[in-house]
Chemist: 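One structure, as C-alpha cells, below. Some questions next.
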Amino acid sequence: MKARACRETVVSFCRPKFAAIFLFLALFIFIFVYFNMDILELPHEVISTFPAPRPHLQHHFCSFQPRSPEDALEERLLLDSIAWPETPSLPDPLSLEQTTDPAHSTFTILPEKGGRQWHVGDQLEVMIKMYDFQGRPKKSGGDVLLARLHNQALSAGVSGQVLDHLNGSYSAVFSLLWEGSAQVEVTLVHPSEAVTVLHRLTREQPDRIYFGSVFHSGSVSEDTTCNVCLRPTQQPLCNYTDLITGEPWFCYKPKTLSCDTRVSNYNAGFNKQLKAEEEKLFQNGVNMKVYIQASGSASVTVLPKHKDQAEVKSSIVHSGPVGYYYQGAWRALSGTTVRQFNTPSVINQCLKGKVVHLYGDSTIRQWFEHLNTVLPDLKQFDLHSSVRVGPFMALDYANNILVNFRFHGPPVRSISVPAIELHYIANELDRLVGGTNTIVVFGIWAHFSTFPIEVYIRRLQSIRRAVVRLLDRAPGTLVLIRTANPKTMTLDAALTNSDWYSLQRDKVLRAMFKGLNVHLLDIWEMVLAHHLPHDLHPPPPIITNIINVVLSYICPQKGS
C-alpha cells in the first residue's frame, strides 16, 4: 500500500533526496524561462508587461541580444566592412575654421596615361584635395563625397566611385561611356566633422525620432510613447516584439488600460539636441550638398572607341558602374538588358497573368502609384486605408493583373495608422505561395536611419531567411530589391535621414543579399547619375526608368 500511494501521488515523494532534486530542477526551469522569454520563438506577437530590459550590446540604452552565433558573427563582419574612417573629435564650442570647406577644396582631372586622348571605354581619374576654412590642407579623411560624370545636351550621366586616401585627398574614378563632352561633378555631402556628430547622435540619441500609440477601450483612451528603443524608467513596458521574426517594438504601458488595447501607431515627433554651434556643420550652400570647383578644366572630350582598343581598368577601384543614362534612358551595364515600356498595352502584355507584391516604404509606394496612373485598366480597390501607408490593391480583371502594396513593419514615420496594419515583410513573404507568376519587390531603408545599424542588420536577416524559404518552395518566384538613394539635405533631414546613414545601410543591404537568386535594383546609381536634383522620392523621369528596369526583369528581352 505504501508503494502504491507513492506511485499515485504527484505532490509527495517517498525519498526526501528526490524531492530536493525536483524542486531544484523546477526552480532552474522557471529562472531560465523567465530570463529568456525574449528569445523563445512563439507563433504570435507578445503583448506583456515587464520592466525595461537589461542591455546586451551597448548603444547607450538601445541594445538587443544576438539571435544566434551565426547572426552575431555576420553582424560583426558587416560592421567591420562598413567601418567609416576615423573622424576628428570636436572642440566645444565648435568653430568652423579647422573643418572641411568645399569653397577652398578642389578637384583636378589627371592626365591620360601616355598623354594620349580619351576614348569610350577608358577610365577617367580625378584627384580631390580637401581644405579647411583657413585654406589649410586637411590631414585626415572621412568626408562624404559623391561624384558624377554628365553631358546635359545628351541627357547622359554616370556615377563615379570615390576612394578615401585617409590624408585629406580622395580619388574619383569614372567609366567613359559616350562620345562627346563629359563633365565632372564632385559634391561634398558632409564634412568629416559632421559625420562625427551623426555618429554620436546614433549612439546617444537613437530615440530622437519617437513614436506614439493610442490605447482605447470603451470610453477611455490613452496615448503613450513607443519605439524600438525606450529609455528605462519606473514605468512598465508593453512588449510588442514579433516572436516569429524577433523584431522588437515597445510602448510604455498606459496608466489604466492594458497592453492589448493598442489600436494605432503614429510618428510623435523629433528631438533635435545638438551641442553649441554644431548646426554650423549642416548648412546648405556652405558645407552640406555643395559642389567642389575644379582646378583647371572640369570636362574632357571623349572620342569613339578604337577598333582594337584594349579594355582599360582602373588601378584603384575594382568594379565599375551598373549602368548609365544616355538620351534620358537608363542603360544597364550588368543585369538584364533594359527595355522601354512606353505604352500601357506593352506594360499590360508584360504583366498579364502576374501578381506583383510591393513591400516597403513610401519610395516603393511610388511604384504602385506610377503603375496605377499609367495603366488605365488597372483599377484600385478602395480598402479605406491611409493614403500614405496603405495597404493598397489594384486589379486589371481582363488581363488578370493584381498589384498589391504594403508598408513594412515598425518603425514607420507616418501619420496615425492602425497597429494591426503594420506587418513585417518576412511574415508577409512566408504567407506567399510563390511561383513563376509571382513578383516580389521590396525596399526598406529610410525609416531606419536614426537607429543603430544593428537594428537594420537584424531586420534584413529576418527578411533574408524568409526570401530563402520562399525561393526554396517556389524557385520560379522573381524577387527584386530596391537600394537606397541620395536625397535633398536640410538640417532636420541630415540629422534623421542623412545620405551618410543611407550609404551605410545601402552597403549592408548589398552584402546581405549577395549570392542569392535575387536582383538588386540600384536606385542609388540611378538617382546619382541623373541630372535632376536628389530627392527622397525620385521625380517621375527617374521613376519611369526604374519601372522599365523592373519590367525588364519580369519580361526579359529574348536572348538576354
Side-chain angles (χ1 to χ4, degrees), residues 59 78-92 94-108 125-148 159-173 185-205 274-275 277-284 286-293 316-317 449-450 452-453 484 486-487 489 491 493-508 511 524 528 534:
H59 271 282
L78 285 169
L79 292 175
D80 290 342
S81 72
I82 65 170
W84 198 255
E86 185 176 352
T87 56
S89 57
L90 304 179
D92 190 8
L94 175 70
S95 169
L96 287 184
E97 287 188 355
Q98 297 180 356
T99 67
T100 304
D101 178 17
H104 280 93
S105 303
T106 62
F107 71 83
T108 305
E125 187 173 338
V126 170
M127 180 59 69
I128 307 164
K129 296 282 191 179
M130 308 304 290
Y131 294 81
D132 65 19
F133 278 80
Q134 293 183 324
R136 297 172 301 190
K138 293 291 294 289
K139 301 298 184 183
S140 59
D143 297 304
V144 184
L145 297 167
L146 299 178
R148 181 173 77 104
S159 65
Q161 291 183 278
V162 177
L163 180 68
D164 189 341
H165 297 295
L166 307 180
N167 59 4
S169 66
Y170 302 76
S171 293
V173 178
E185 179 183 284
V186 178
T187 304
L188 175 71
V189 179
H190 292 303
S192 58
E193 294 80 9
V195 174
T196 300
V197 175
L198 295 174
H199 186 70
R200 190 195 75 237
L201 289 176
T202 299
R203 185 178 66 253
E204 297 179 358
Q205 301 174 32
L274 293 175
K275 295 180 181 179
E277 308 298 321
E278 284 184 343
E279 286 193 12
K280 292 180 179 179
L281 292 171
F282 302 93
Q283 299 181 73
N284 288 110
V286 176
N287 53 11
M288 184 168 68
K289 279 283 173 101
V290 179
Y291 295 135
I292 293 174
Q293 298 303 310
I316 60 175
V317 297
S449 297
T450 55
I453 200 163
K487 64 194 72 64
M489 285 287 102
L491 173 61
L495 300 183
T496 60
N497 214 9
S498 163
D499 283 354
W500 181 70
Y501 290 136
S502 299
L503 185 61
Q504 298 290 84
R505 280 142 191 81
D506 195 62
K507 292 177 182 177
V508 167
W524 185 274
L528 181 56
H534 300 166

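Predicted, not measured: the structure shown is a model, and the values here were computed from it. Atoms considered below: every heavy atom in the structure, side chains included; atoms not considered: hydrogens, waters and symmetry mates.
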Chemist: Between atom CZ of F107 and atom CD of E185, what is the distance when rounded to the nearest 0.5 Å?
Modeler: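 Going from CZ on F107 over to CD on E185, the span is 8.5 Å.
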Chemist: Under the criterion side chain to side chain contact (heavy atoms under 4.5 Å, CB included), which of D143, L281, V144 is the partner of H190?
Modeler: V144
Chemist: For L503 and W524, run side chain to side chain contact (heavy atoms under 4.5 Å, CB included): C-alpha distance rounded to whole Å, both residues' side-chain angles, the deciding distance at 0.1 Å, then the answer.
Modeler: CA-CA 9 Å; L503 185 61; W524 185 274; 3.8 Å; yes
Chemist: When rounded to the nearest 0.5 angstrom, what is the spacing between CD in E279 and CD in E277?
Modeler: 9.0 Å
Chemist: For G142 versus V195, what's the shortest heavy-atom pair and its separation?
Modeler: O-CG2, 3.7 Å
Chemist: Between OG of S192 and CE of M130, what distance do you get to the nearest 0.5 Å?
Modeler: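 Here the rounded value is 8.5 Å.
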Chemist: Looking at S171 and E125, what are the two nearest heavy atoms and their distance?
Modeler: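 For S171 and E125, the tightest heavy-atom pair comes out as OG-OE2, 3.8 Å.
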Chemist: Any chance CD of E86 has more than 12 other-residue heavy atoms, nucleotides or ligands included, within less than 6.0 Å?
Modeler: no
Chemist: Do other residues, nucleotides or ligands put more than 12 heavy atoms under 6.0 Å from the CD atom of Q283?
Modeler: yes
Chemist: Counting only N and O atoms by type, is there a donor-acceptor contact under 3.5 Å from the side chain of D101 to the main-chain atoms of G135?
Modeler: no
Chemist: Where the side chain of D499 meets the backbone of P486, is there a donor-acceptor pair that is under 3.5 Å apart?
Modeler: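 Absent.
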Chemist: Between L146 and H534, is there a side-chain heavy-atom distance shorter than 4.5 Å?
Modeler: yes
Chemist: Check whether any side-chain N or O of K487 sits under 3.5 Å from a backbone N or O of N497 as a donor-acceptor pair, and report yes or no.
Modeler: yes
Chemist: Any heavy-atom pair between the side chains of K129 and S105 that's under 4.5 Å?
Modeler: no
Chemist: Are T87 and H199 close enough, and set up right, to give a side chain to side chain contact (heavy atoms under 4.5 Å, CB included), and what steps lead you there?
Modeler: CA-CA 10 Å; T87 56; H199 186 70; 6.0 Å; no
Chemist: Take L94 and E193 through the test side chain to side chain contact (heavy atoms under 4.5 Å, CB included) and record every step on the way to the result.
Modeler: CA-CA 10 Å; L94 175 70; E193 294 80 9; 5.7 Å; no
Chemist: Looking at every heavy atom in both S140 and Y170, which two are closest together, and how far apart are they?
Modeler: O-OH, 4.4 Å
Chemist: Would you say T196 and P88 make side-chain contact, with heavy atoms under 4.5 Å?
Modeler: yes
Chemist: When rounded to the nearest 0.5 angstrom, what is the spacing between CD1 in I128 and CG in L188?
Modeler: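 Result: 10.0 Å between the selected atoms.
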Chemist: Once you round to the nearest 0.5 Å, how far does CD of Q504 lie from CG of L78?
Modeler: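 Result: 11.5 Å between the selected atoms.
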Chemist: Could you report the tightest heavy-atom contact between N287 and P191, atom names first, then the distance?
Modeler: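 Of all heavy-atom pairs spanning N287 and P191, the closest is O-CD, 3.2 Å.
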Chemist: Would you call Y501 and T202 a side-chain contact if the rule is heavy atoms closer than 4.5 Å?
Modeler: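 Yes, their side chains come closer than 4.5 Å.
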Chemist: For a 4.5 angstrom cut-off between non-hydrogen side-chain atoms, does L90 reach V197?
Modeler: yes
Chemist: Quick one: are F282 and L198 in side-chain contact, heavy atoms under 4.5 Å?
Modeler: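 A side-chain contact under 4.5 Å exists here.
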Chemist: Rounded to the nearest 0.5 Å, how far apart are OG1 of T187 and CG of L145?
Modeler: 8.5 Å
Chemist: Could you go through D132 and E97, starting from their C-alpha distance and side-chain angles, then the distance that decides it, and tell me whether this counts as side chain to side chain contact (heavy atoms under 4.5 Å, CB included)?
Modeler: CA-CA 6 Å; D132 65 19; E97 287 188 355; over 6 Å; no
Chemist: Under 3.5 Å, is there a donor on one side chain and an acceptor on the other for K507 and S81?
Modeler: no
Chemist: Can you name the closest pair of heavy atoms from Q98 and K138 and give their distance?
Modeler: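 Nearest heavy atoms, Q98 then K138: O-CE, 4.0 Å.
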